[in-house]
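Below is one structure, written out as structure tokens; comments come after it.
The figures here come from the full heavy-atom set of this structure, side chains too, leaving out hydrogens, waters and symmetry mates. Reminder, nothing fancy here: chain letters follow the sequence lines and each chain counts from 1.
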Amino acid sequence: MYLEIVNRIRTAIASHIRLAYGVEVKVLTERPPRLEMGEVASPVCFELAKRLKKAPRVIAQEIVGSIGMIDGVARLEVAGGGYLNAFLDRGLFFVAALLAAGREERAIGADSAKTIVEHTAINPNKAAHIGHLRNAVLGDSFSRILRYAGERVEVQNYIDNTGVQVADVVLGFLHLEKKSIEEVRRLSEAEKFDYYCWDLYARVTVFLEEDKKRLDLRADVLKKMEEGHGIEAEMAELISVAIVRCHLRTMDRLGIDYDLLPRESEILHLKFWDAAFAMLKEREAIRLATSGKNAGCWVMPLTEAASGGEAAADASEDRDGEQDVKIIVRSTGTVTYVGKDIAFHLWKFGLLERDFYYRPFYKHPSGREAWITSGTSGDAHSSGNTPEFGHASSVYNVIDVRQAYPQQVVAAGLRAGGFDSQADHLKHLAYDRVVLTPRCAAELGYEIPAEDAKKQYVEISGRKGQGVKADDLIDKLMEATRREVDSRHPESSAVEREENARRIAVGALRYFLLKFTRGTIIAFDFEDALSFEGETGPYCLYAIVRARSIWRKEFERSGEAESAGAEISAETANRFLSSPDGDSIWDLILTAGSLGSQIETAIAVQEPAFLAKYAFQLAQAFNLFYHKHRILSEEDAAKKAFLLLVTSLVERQLVAALQLLGIEAPKEM
RNA sequence: GCGCCCGUAGCUCAGUUGGAUAGAGCGUCUGCCUUCUAAGCAGAGGGUCGGGAGUUCGAAUCUCCCCGGGCGCGCCA
């Protein structure tokens with residue numbers, strides 16, 4: 001609602017200025033620092049002052065005197081050195097907000113352009129840890145936000161099933177544990193196979209470090225996996241598929257779904273690279289280096305845009321007189337990681353003349369089907385209702401910030417191929433790491449090497465088997481919320497208590513990971529993550545539960561099933577909103593009506609943390625209201641109805657905001 | 001060496017198109033449950049926004065320099 005009225009004010013002021021002064025300006029607006037100064041302010045007269053060579057305050061007065069009525073605005077005033085401050089018609093705003101609440105989600109147009117969000121992408125060789133959760137929660141929340149805004153979103157979870165990490169676990173089973181394929185199969189069917197591999201992977205790391213010659217073993221395993229035959233390939237397939245299922249189960253606990261799991265093995269076997277190679281050659285995006293240090297390699301020239309430490313444009317000829325390039329095909333004829341990634345991204349945008357085969361793989365509890373890529377048509381789903389994957393017009397990749405450089409190279413690859421628009425719509429949703437506080441690392445019993453001891457935090461390392469496993473953390477949170485729920489509501493059924501505890505635990509965890517902006521390193525600590533007070537998910541949920549409790553009691557008392565007379569006129573609302581305690585209620589309504597504008601900002605800067613902050617602020621404002629007004633015992637029937645409607649508005653907006661973060665309210669707390 | 005990010009209250013962090021008196025949570029201290037759920041609320045205390053210069057009517061925000069910290073720059077993935 002706020003968004004709509006702000007746009008109306010901007011338009012009105014801009015067109016008035018055009019008419020009155022013949023000047024075209026962009027009218028910016030902001031929220032004034034205090035409510036006495038109105039709800040929308042514009043500093044546009046400061047800008048105008050320069051152009052018109054007149055004092056800003058004088059211009060502001062002229063505008064206020066001549067602009068006339070703006071729909072929904074009660075009055076416009078001059079403030080400070082020349083601000084234009086708008087005071088909204090509170091009653092009208094409230095009525096409109098009530099009408100819109102819960103209906104703001106935009107329908108997804110069937111023909112609207114598709115957006116791919118890739119997230120999670122955990123190497124399928126070990127259990128997921130807290131760092132992976134940050135990625136998945138960020139990606140899932142961002143996908144929900146885009147969908148809410150009306151975008152057609154396809155969520156992909158890329159599976160690197162032919163990489164070094166899987167190879168190491170295969171190596172572990174073959175050379176450390178001397179297991180047969182059947183033995184591994186049996187192990188992989190066990191509940192915590194991902195935990196088993198977590199430990200094995202760490203042991204392999206030690207094994208390889210003890211004697212560097214053992215790296216030959218890894219190279220051999222890797223080669224056979226890539227070629228797709230031998231016991232190595234068979235075991236890699238077995239392990240990676242089983243671990244992916246473990247990851248999906250873990251993510252299910254947090255309500256995270258996927259549409260497609262594209263696998264590296266299919267990119268290799270279906271020769272995506274060959275198609276991309278031909279295209280890039282033809283478009284002269286890459287060339288064969290015939291001399292110098294890169295002789296025999298196919299390289300891609302890097303422009304300033306893809307500089308990850310490269311010189312700027314004017315210095316792109318470095319001291320050797322050679323242009324900065326990125327090697328795409330090695331002199332041995334094998335393609336590099338970025339090369340494969342460029343091919344994959346050509347596919348994502350529907351630019352590659354090649355496609356995967358697909359089959360249904362996993363049904364999420366939500367009902368959504370996660371499909372997986374398949375290498376042969378025989379294996380693939382043939383019923384004819386395979387969804388169309390890929391062909392995106394925008395792609396968001398949720399990847400740790402340390403991958404910023406390779407991501408830029410991929411975009412540069414698209415650009416070099418002449419796909420500028422696609423490159424512009426390839427966005428790296430970068431976020432920084434989750435690390436452990438020294439206290440947390442000590443609690444987990446990790447030995448910290450002397451050279452790291454003076455650092456302020458401890459790095460998570462799957463390779464070393466060091467980190468908080470996702471399922472362990474969720475278990476711990478469940479335990480804590482269960483304890484609370486059991487002691488607070490012993491009268492509820494076990495099933496109900498379990499579900500309530502689950503929602504609170506998920507809310508706590510997801511909120512904890514989302515309250516930090518993407519660029520912040522999260523120093524993980526059990527004490528913070530297990531906190532349910534203050535700026536936390538449970539705090540936000542508590543506000544919803546309280547709001548609903550008021551309505552429930554009201555229904556119980558009145559015996560009405562629905563809020564029968566849930567209507568109010570703008571005049572009546574204005575009467576209460578102009579009363580002495582009207583300002584604080586108005587502040588609450590205004591916040592509740594600002595969800596749309598918050599979503600817009602969150603999308604513009606790709607920052608779900610904005611919505612987390614918003615949800616908290618709304619909950620906070622509601623708690624204030626809750627303590628100030630005894631709603632059910634309110635004698636004035638009209639005022640009681642008004643207060644109930646305010647409660648209802650806030651409840652719906654808070655539910656909507658939290659839903660975008662993947663957080664659901666429990667029945668009771 | 002080159003590039004990117006960060007430095008805001010005791011601690012953890014918001015403050016993202018430059019805007020009015022820089023905010024929140026935690027922690028500390030003081031109060032509030034015969035009342036719609038105290039996972040809550042009220043109050044107190046807490047700041048050279050790393051330092052300096054510049055641009056601007058206006059800078060935590062933009063530019064430059066310096067200090068401190070992190071990360072990235074492979075014929076690895």
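Here, B:C57 and B:G52 have their P atoms 23 Å apart, quoted to the whole Å. Nucleotides B:G70 and B:C13 are separated by 15 Å at their P atoms, to the nearest Å. Separating the P atom of B:U55 from that of B:C29 is a span of 49 Å, rounded to the nearest Å. Between B:A20 and B:G72, the two C1' atoms lie 41 Å apart (nearest whole Å). Distance check on atom P: B:C5 versus B:U16 gives 16 Å, rounded to whole Å. Between B:C64 and B:A24, the distance separating the two P atoms is 33 Å to the nearest Å. A gap of 32 Å separates the P atoms of B:C75 and B:C67, to the nearest Å. B:G54 and B:A59 have their P atoms separated by 12 Å, given to the nearest Å.
Partner A:F512 forms a side-chain contact (heavy atoms from CB on, under 4.5 Å) with one of A:L477, A:D528, A:V137, A:L530 and no other, that one being A:D528.
Residue A:A295 is classed as a base contact, given a heavy-atom separation below 4.0 Å to a base. Counting any heavy atom pair closer than 4.0 Å across all strands shown, A:R503 reaches no nucleic acid atom. Among the heavy atoms of the strands lying under 4.0 Å from A:N85 is at least one base atom, whether or not backbone atoms are also near. In this structure, A:D160 reaches the sugar-phosphate backbone alone: every heavy-atom distance under 4.0 Å involves primed, P, OP1 or OP2 atoms, never a base. Using a 4.0 Å heavy-atom cutoff across all strands shown, A:Q620 reaches sugar-phosphate atoms only and no base atom. Contacts of A:V401 with the nucleic acid, taken as non-hydrogen atoms under 4.0 Å apart, are absent. Backbone-only contact: A:Q456 has heavy atoms under 4.0 Å from sugar-phosphate atoms and none from a base. Contact annotation for A:K26: base contact, defined as any heavy-atom pair under 4.0 Å involving a base atom. At a threshold of 4.0 angstrom between heavy atoms, the contacts of A:A49 with the nucleic acid are absent.
Remark: side-chain polar atoms of A:S648 are not paired, donor with acceptor, to backbone N or O of A:L644 under 3.5 angstrom. No donor-acceptor pair under 3.5 Å is formed between the side chain of A:R433 and the backbone N or O of A:I521. For the pair A:N500 (side chain) and A:E496 (backbone), a donor-acceptor distance under 3.5 Å is present. Side chain of A:R214 to backbone of A:E209: no donor-acceptor contact under 3.5 angstrom is found.
Nucleotide B:C67 is shown with an anti base, its glycosidic torsion being more than 90° from 0.
Taking 4.0 Å as the cut-off between side-chain N and carboxylate O, A:R31 and A:E39 do not count as a salt-bridged pair. Taking 4.0 Å as the cut-off between side-chain N and carboxylate O, A:R502 and A:E498 do not count as a salt-bridged pair.
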- Note on the structure: Note, RNA chain B 5' to 3' with Watson-Crick or G-U pairs under 3.5 Å encoded as ( ), [ ], | and . gives (((((((..((((.....[...)))).(((((.......))))).....(((((..]....))))))))))))....

I'd like a list of close polar pairs between nucleotides 58-61 of chain B and the protein, N/O only, cut-off under 3.5 Å.
none

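The aromatic ring of A:Y83 sits over the base of B:A20, with ring centres less than 5.5 Å apart and planes inclined by under 30°.
Phosphate proximity of B:A39 to A:R488: present, with a side-chain N or O under 4.0 Å from OP1 or OP2. In this structure, A:S531 does not reach the B:U12 phosphate: none of its side-chain N or O atoms is under 4.0 Å from OP1 or OP2.
Nucleotides of RNA chain B nearest to A:F610 and A:E533 differ in position, and the one nearer the 5' end is that of A:F610. Where A:T517 and A:F532 each meet RNA chain B at their nearest nucleotide, the meeting point lying more 5' is that of A:T517.
Between the side chain of A:R34 and the base of B:U21 there is at least one donor-acceptor pair of N/O atoms closer than 3.5 Å. One donor-acceptor pair, N or O on each side, does fall under 3.5 Å between the base of B:C75 and the side chain of A:S331.
Checked against the 6.0 Å centroid threshold, A:F532 and A:Y539 do not count as a close aromatic pair.
Side-chain contact check for A:D341 versus A:Y158: every heavy-atom pair is 4.5 Å or farther apart.
Taking atom NE2 of residue A:H627 and atom P of nucleotide B:G43, one finds them 12 Å apart after rounding to whole Å.
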- Task: Begin from the C-alpha positions of A:S240 and A:I243 and carry the test side-chain contact (heavy atoms from CB on, under 4.5 Å) through to its verdict.
- Result: CA-CA 5 Å; A:S240 62; A:I243 298 279; 5.8 Å; no

- I would like to know whether A:K326 and A:V338 meet side-chain contact (heavy atoms from CB on, under 4.5 Å); could you show each step before the answer? CA-CA 9 Å; A:K326 184 79 196 167; A:V338 258; 4.0 Å; yes

